[in-house]
Amino acid sequence: MSKMNKNTTFVFEDENKEPYSAKTLFGNWKKVLNDNNIPYKKFHSLRHTYATMLLSKGVDLKTVQDLMGHSDITITQIYLHVLPKTKTDAVNKLNSIL
């Protein structure tokens with residue numbers, strides 16, 4: 001593996017500050033799921049969970065877009081469909097006006 005810039009930080013790195021290989025990362029992911037009796041989910045599901053949790057806590061869509069690294073906000077808007085409570089809250093706000 002090629003050496004990385006020493007100022008680069010990775011979320012998943014070993015004790016030598018080298019990024020984990022994809023094989024190691026996904027092996028560890030499967031082990032965590034198995035050890036905790038969690039049905040298999042793709043690792044990418046973490047991104048969906050992250051975005052959904054931010055939106056459910058009221059973080060605005062533009063901020064979520066920035067944190068997710070989406071260049072186009074329409075990509076971030078995909079995550080809104082998983083929040084039925086968002087629709088209910090919007091209707092309740094409208095009802096409180098009327």
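Each residue takes its place number in the sequence, starting with 1. All heavy atoms count here, side chains included; hydrogens, waters and symmetry mates do not.
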Within the side chain of [X], is there an N or O that forms a donor-acceptor pair under 3.5 Å with the backbone of [Y]?
X: N36; Y: I38; answer: no
X: D72; Y: I75; answer: no
X: E13; Y: E18; answer: no

Donor on one side chain, acceptor on other, T49 and T52, under 3.5 Å: no
Donor on one side chain, acceptor on other, D66 and T63, under 3.5 Å: no
Any Y40 side-chain heavy atom under 4.5 Å of N34 side chain: no
Nearest 0.5 angstrom please: [X] [atom1] to [Y] [atom2], how far?
X: T74; Y: Q65; atom1: OG1; atom2: CD; answer: 8.5 Å
X: K41; Y: L33; atom1: NZ; atom2: CG; answer: 9.5 Å
X: K62; Y: L67; atom1: NZ; atom2: CG; answer: 11.5 Å
X: T24; Y: N28; atom1: OG1; atom2: CG; answer: 6.5 Å

Geometric class of the H48/Y79 ring pair [parallel <30°, tilted 30-60°, perpendicular >60°]: tilted
Which atom of T76 lies closest to which atom of H70, heavy atoms considered: OG1-ND1, 2.7 Å
Considering all heavy atoms, the nearest L55-V59 contact: CD2-O, 3.7 Å
Derivation of the side-chain contact (heavy atoms from CB on, under 4.5 Å) call for N95 and N92: CA-CA 5 Å; N95 286 341; N92 288 338; 4.3 Å; yes
Joint cluster assignment, Y50 & L61, ILVMFWY side-chain distance < 4.5 Å: yes
Verify same cluster id: I73, V64 (apolar side-chain graph, 4.5 Å): yes
Stepwise side-chain contact (heavy atoms from CB on, under 4.5 Å) test for L25 and W29: CA-CA 6 Å; L25 181 61; W29 173 245; 5.8 Å; no
M68, CE: over 12 other non-hydrogen atoms inside 6.0 angstrom: yes
